[in-house]
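Notes for the one structure printed next.
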Amino acid sequence: MLNGKPIYFDNNATTAVAPEVLEAMLPFLQGEYGNPSSMYAFAGKSQQAVVTAHEQGATLLGCKPEELIFTSCGTESDSTAIYSALEANPDKKHFITTKVEHPAVLAMGQFLEQRGYRVTFLGVDGKGRLDMDELKSSISKDTALVSVMFANNETGNIYPIAEIGAICRERGVLFHTDAVQAVGKVKINLSELPVDYLALSGHKIHAPKGVGALYVRRGAPFRPFLRGGHQEHGRRAGTEAVPSIVGLGRAFELAASDFDAENARLRAMRDRLESRLISSIPDAIINGDPESRLSGTTNISFKFIEGEAILLMLDQWGICASSGSACTSGSLEPSHVLRALGVPFTFAHGSVRLSLGRYNTMEEVDFVAEKLQSVVGRLREISPYRHMTDEQVANEGSSCASASCAGGCGCSGN
Ligand SMILES: *Cc1c(COP(=O)(O)O)cnc(C)c1O
């Protein structure tokens, strides 16, 4: 704890609701409870609020208000986009995605494989970068959809979405991007970006949990995932979650209001954190692509120790962070993302993700750097691995109880 508060360095897992967002939501949790579909004047405020939220999203993303559909979360947006593209192309049985996707897309790929689809999971290099030639040669006449995340939740890597979209468009293949980690952190102008579908989530950008949105380019095929009433122009049935949608609209506006300043502030904090850690702790490496990363994310591996142990010890100081392991229950299996990067076993086990956000301060950065240095030192003193090779450690490590959980058990799958 610092100044009586936990130090929250896990903003890629979820974020605090911004006070501005809460303030915008409150009337719709109190007196303004009308159903937007109702005809009487009392419901007009709710109706108008949903319209406004569409406009706020369109302003941030450079699209048309009617190209956005509000959903219940990022996962629903991803599922809807993939379902739409496949339903619209029933004769095409090939889906291309990557090995480093969030479970919201990865698990869908695995499910489609069981359903008889051919699924290509593109690999990445040691920095987590995709090979554009591999993508090009994977696309065939049978490919219905390509889905590549905009920014990775574990490493913070930003993928070349404009380039990937252009490749897909040239080949006449639909393209979806999971932009849950990118929206509000990376400049996105959908009027210029060759993207057919884009998924985002409220709780990663200071709106509440349980609301998301899906961009569907005008003219891109769409099939509703939920069937029922005519909400969201008949594209997403179910009474609109008006308070949450209002909150997400306000969060869009907030992100747009101080975009450059906030990005620079996050970058300065992240860079200081990394340089303090790297200079004071031997055998530490930064995972991901330093040339193309989210400004608030760092993923660091400390040789010979375990991420879970680091997290438990940080927790005693009130520091919240994530590890790079796929399962919490005594497993030594590194996350699917770090495995895809080929991070050596002795390093991958000791991986920690620190993700900064709007409410973090430089004082907290210094506090975490200091505590992490002492935690790593203490754990190394008692590490049974410190004299072992990568191979020996790999043989020691029992597999995760469900190797296919893809982080679905909740530890770093967020
Ligand atoms: C958090 C996250 C999701 C899932 O969003 P939910 O709103 O929690 O369903 C999907 N993709 C990425 C990259 C994420 O970080």
Side-chain angles (χ1 to χ4, degrees), residues 8-17 21 57 68-83 97-111 121 124 128 130 147-159 161 164 176-186 188 195 197-215 225-226 236 241 244-245 247-248 251-252 255 288 292-299 320-324 326 335-338 340 353-357 405-414:
Y8 190 75
F9 275 26
D10 204 15
N11 286 275
N12 287 10
T14 194
T15 59
V17 171
V21 167
L68 287 177
I69 302 166
F70 285 108
T71 65
S72 69
C73 60
T75 302
E76 184 192 327
S77 300
D78 282 324
S79 284
T80 305
I82 296 168
Y83 175 82
T97 186
T98 79
K99 287 186 177 162
V100 294
E101 296 297 309
H102 185 276
V105 171
L106 201 61
M108 197 68 170
Q110 290 157 348
F111 172 75
F121 295 94
V124 293
L130 289 165
S147 181
V148 176
M149 69 198 323
F150 210 127
N152 185 277
N153 45 300
E154 291 191 36
T155 58
N157 274 13
I158 299 170
Y159 288 96
I161 295 306
I164 297 169
H176 167 59
T177 183
D178 174 346
V180 171
Q181 291 294 344
V183 168
K185 307 174 190 172
V186 180
I188 297 176
V195 162
Y197 312 96
L198 176 144
L200 65 92
S201 174
H203 75 100
K204 306 283 173 81
I205 55 168
H206 302 288
K209 294 159 188 64
V211 63
L214 174 65
Y215 158 84
F225 195 55
L226 296 185
R236 203 279 187 175
S244 300
I245 290 171
L248 180 48
F252 287 143
S292 180
R293 256 191 322 165
L294 294 174
S295 32
T297 304
T298 183
N299 187 309
C320 310
S322 273
S323 84
S335 81
H336 69 284
V337 174
L338 297 181
R353 177 189 72 188
L354 302 160
S355 46
L356 305 171
C405 82
C409 58
C411 44
S412 63
N414 44 41

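Start at 1 with the first residue, then count along the sequence. Ligands are counted one by one from 1 in listed order, and the atoms in each one are counted from 1 as well.
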D178 to ligand 1: N or O pair under 3.5 Å? yes
Using a 3.5 Å cut-off on N or O atoms only, is C73 in polar contact with ligand 1?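 In this structure, C73 places no N or O atom under 3.5 Å from an N or O of ligand 1.
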Just let me know how [X] lines up against ligand 1, side chain, backbone, both or neither, with a heavy-atom cut-off below 4.0 Å.
X: H203; answer: side chain
X: K209; answer: neither
X: T75; answer: both

I'd like to check which ligand 1 atoms, numbered from 1 as shown, lie under 4.0 Å from a non-hydrogen atom of N153.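 Numbered from 1, ligand 1 contributes 13 (C), 15 (O).
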Show the atoms of ligand 1 that are less than 4.0 angstrom away from any heavy atom in K204.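 Selected atoms, number and element: 1 (C), 2 (C), 3 (C), 14 (C), 15 (O).
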Can you measure from CD1 (I164) to OH (Y159) and round to the nearest 0.5 angstrom?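 Going from CD1 on I164 over to OH on Y159, the span is 9.0 Å.
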Rounded distance (nearest 0.5 Å) linking atom CE of M108 with atom CD1 of I82: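 So the gap between those two atoms works out to 5.0 Å.
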Who pairs with V337 by side chain to side chain contact (heavy atoms under 4.5 Å, CB included), at least two apart in sequence or on another chain? V100, N152, E154, T155, S335, L341
Check whether more than 12 heavy atoms from other residues, nucleotides or ligands sit under 6.0 Å from atom NZ of K99, and answer yes or no. no
Taking only residues two or more places apart in sequence or in another chain, which ones pass ring pair (Phe, Tyr, Trp, His ring centres under 6.0 Å) with F9? none
Using only atom types and a distance under 3.5 Å, with no angle test, would you say the side chain of R236 pairs donor to acceptor with the backbone of A213? no
